[in-house]
2 protein chains.
Amino acid sequence: MKKYPHSTRILVALDCIVFGFDGEQLKLLLIKRNFEPEMGKWSLMGGFLESNEDLEVATNRILYDLTGLKDIYFEEIKSFGKVDRDPVERTLSVCFFALINIHAHDQDSARAQNAYWIDLKSRPDLIFDHNEMVNIALERLRYKAALHPIGFELLPEQFTIPQLQKLYEAIYDSPLDRRNFSRKILSTHLLIDTGEKNQYGTTKKAILYKLDKEKYQRQFNAFHYFISDSMR
Amino acid sequence: MKKYPHSTRILVALDCIVFGFDGEQLKLLLIKRNFEPEMGKWSLMGGFLESNEDLEVATNRILYDLTGLKDIYFEEIKSFGKVDRDPVERTLSVCFFALINIHAHDQDSARAQNAYWIDLKSRPDLIFDHNEMVNIALERLRYKAALHPIGFELLPEQFTIPQLQKLYEAIYDSPLDRRNFSRKILSTHLLIDTGEKNQYGTTKKAILYKLDKEKYQRQFNAFHYFISDSMR
DNA sequence: ATTAAATTGTGTCATTTTAACACAGACATG
DNA sequence: CATGTCTGTGTTAAAATGACACAATTTAAT
């Protein structure tokens with residue numbers, strides 16, 4: 001199979017930062033490693049690119065093995081390619097982040113990988129360069145969510161505007177004005193009033209919305225400026 | 001050196017879309033291949049990752065070999081990982097774009113690589129998946145330039161506002177309002193009036209500005225909204 | 001039953017930003 | 001010194017933003 005005279009062939013790994021939202025905090029789905037190397041330590045979910053597998057196929061495989069879900073929203077971040085980043089053997093890691101509805105994934109799949117939801121803010125130290133990966137992923141999430149409606153990927157089918165606001169407040173770790181936020185979100189016309197109201201909560205019940213998926217797809221690449229510059 | 005039992009080790013290539021601007025059109029620095037495979041055809045500048053070389057080092061090496069320049073602005077775009085993207089042998093390509101001042105690079109370096117500046121609009125067909133790479137790179141350049149002041153990387157040290165506007169018009173392939181553009185650019189306070197004026201041209205001479213590099217670095221990640229949504 | 005506390009939905013208003021457009025000054029050419 | 005072309009700056013109405021206030025809904029406590 002080697003046809004180029006060039007000799008440097010290396011392992012290609014994929015590492016994934018899986019974000020979730022429990023209604024209060026941003027969470028990461030992290031692996032408590034029960035395999036070598038670095039057994040017992042925490043890491044991102046990852047895997048190696050296989051010989052007859054497209055890169056995107058590998059990404060979907062890894063996400064499926066972890067969550068039991070297909071068609072997950074994910075985005076490539078960058079490749080990590082320091083010579084010594086993996087002390088075992090030289091490995092290029094193509095790093096991406098994924099956004100999932102924390103309640104929709106398959107518990108058994110996560111258990112099989114020894115994966116746990118951990119608060120982003122109180123995450124443990126991770127192996128190799130995975131801490132840096134998480135930091136960059138969070139930056140990228142903040143960047144993207146300020147301009148495009150990706151936040152919805154973290155919420156259930158139906159959700160309220162206060163829920164959505166709490167999500168944005170978790171992402172940017174800072175409070176937002178309720179009234180301006182509401183106006184901003186509604187002005188996108190991406191939300192459809194389901195006519196129902198939130199049944200939980202001990203005060204006034206909020207309107208349940210769902211995403212206008214067609215419109216969402218159509219204008220996904222349009223800028224929305226959800227979060228202003230001064231905010232970030 | 002193989003320590004993981006996993007067996008799939010592949011070549012890692014880097015491919016670079018080099019953008020330039022001649023005052024009128026966006027240009028690409030493309031290679032007329034005088035080597036196999038696909039000798040005689042056009043391609044992006046690229047190279048393989050070496051065994052003891054960090055990924056960023058390899059990127060800088062490839063750009064240096066092509067242009068004779070160091071500290072070039074570049075940005076990773078994404079990895080291309082289809083199994084058959086290179087018919088010779090499986091190769092993962094980490095793709096990035098670079099912005100250079102078209103007049104500042106070393107001619108001999110480019111000649112040694114058989115590289116030529118080609119109008120983006122009238123570029124030839126490229127090998128492998130390089131056409132797709134260019135399309136995605138242009139999208140990314142448009143995205144980034146709408147929000148961040150990367151356009152300056154394509155211009156000489158000193159430049160006029162009409163020059164800058166022509167650059168933006170080339171990037172977005174559409175005309176901009178002169179007065180609104182000027183106001184937008186000046187409101188960033190990224191430009192320093194050099195006191196000099198453009199000596200070329202047959203009409204009123206435009207003010208030469210230079211970039212406030214310190215401010216540029218400091219607020220590079222701030223949003224500037226150079227180009228409005230409706231524009232894109 | 002009434003009230004209090006918490007939360008939701010909507011509205012106001014001054015300020016800023018934007019988009020569309022007009023005019024005057026500078027410069028080479030003839 | 002008039003003309004054509006390009007540059008710099010100004011104007012104005014409309015839209016968006018940021019900082020607020022107020023009324024309605026709901027549960028729990030009195």
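Just so it is clear: chains get the letters A, B, ... in the order the sequence lines come, proteins before strands, and each one is counted from 1. Scope of the values below: all heavy atoms of this structure, side chains included, with no hydrogens, waters or symmetry mates. Remember, it's a predicted structure, so these values are computed and weren't measured experimentally.
In this entry the distance linking CD1 of Ile207(B) with P of dG25(C) reads 16 Å, nearest Å. Note: CG (Asp177(B)) to P (dG10(D)) measures 16 Å, nearest angstrom. Taking atom CZ on Phe223(B) and atom P on dT17(D), their separation rounds to 14 Å, with Å as the unit. Atom CZ in Arg178(B) sits roughly 14 Å away from atom P in dG10(D) (whole-Å rounding). Between Tyr225(B) atom OH and dT16(C) atom P there is a gap of 18 Å when expressed in whole angstrom units.
Between Phe223(B) and Tyr225(B), the angle of the ring planes lies from 30° to 60°, which puts this pair in the tilted group. Using the six-membered ring where Trp is involved, His148(A) and Phe220(A) have ring planes that are parallel, under 30° apart on the 30 and 60° scheme. Between His105(B) and Trp117(B), the angle of the ring planes goes over 60°, which puts this pair in the perpendicular group of the 30/60° scheme.
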Item to check | Pairing string, 5' to 3', for DNA chain D - Watson-Crick or wobble contacts under 3.5 Å, brackets [ ] where pairs cross, | to another strand | outcome: ||||||||||||||||||||||||||||||
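Between the side chains of Ser79(A) and Ser79(B), a donor-acceptor pair is found at a separation under 3.5 Å. Counting only N and O atoms by type, the side chains of Asn198(B) and Thr160(B) include no donor and acceptor under 3.5 Å apart. Judged purely by distance below 3.5 Å, without hydrogens or angles, the side chains of Glu153(A) and Tyr216(A) pair a donor atom with an acceptor atom. Under 3.5 Å, the side chains of Asp71(A) and Tyr73(A) contain no donor-acceptor pair of N or O atoms.
Under a cut-off of 6.0 angstrom, the local environment of CD in Glu169(A) is crowded, with over 12 non-hydrogen atoms contributed by other residues, nucleotides or ligands.
Proximity of residues 154-166 of chain A to DNA chain D (heavy atom under 4.0 angstrom from any strand atom) is not detected for any residue. For the segment residues 179-203 of chain B, the set of residues with a heavy atom within less than 4.0 Å of an atom of DNA chain D comprises Arg179(B), Thr203(B), in numerical order.
The main-chain N or O of Leu120(A) is never found under 3.5 Å from a side-chain atom of Gln25(A) such that the two would form a donor-acceptor pair.
Judged by distance alone with a 3.5 Å cut-off, no donor-acceptor contact links the side chain of Lys204(A) to the base of dT26(D).
The phosphate of dA28(C) has OP1 or OP2 within less than 4.0 Å of a side-chain N or O from Lys205(B).
In summary, of the residues considered (Phe152(B), Tyr200(B), Phe21(B)), a ring-ring contact (aromatic ring centres under 6.0 Å, His included) with Phe159(B) occurs for Phe152(B) alone.
Geometric assessment of Lys70(B) against the ring of Tyr64(B) yields a positive cation-pi assignment under the 6.0 Å and 45° thresholds.
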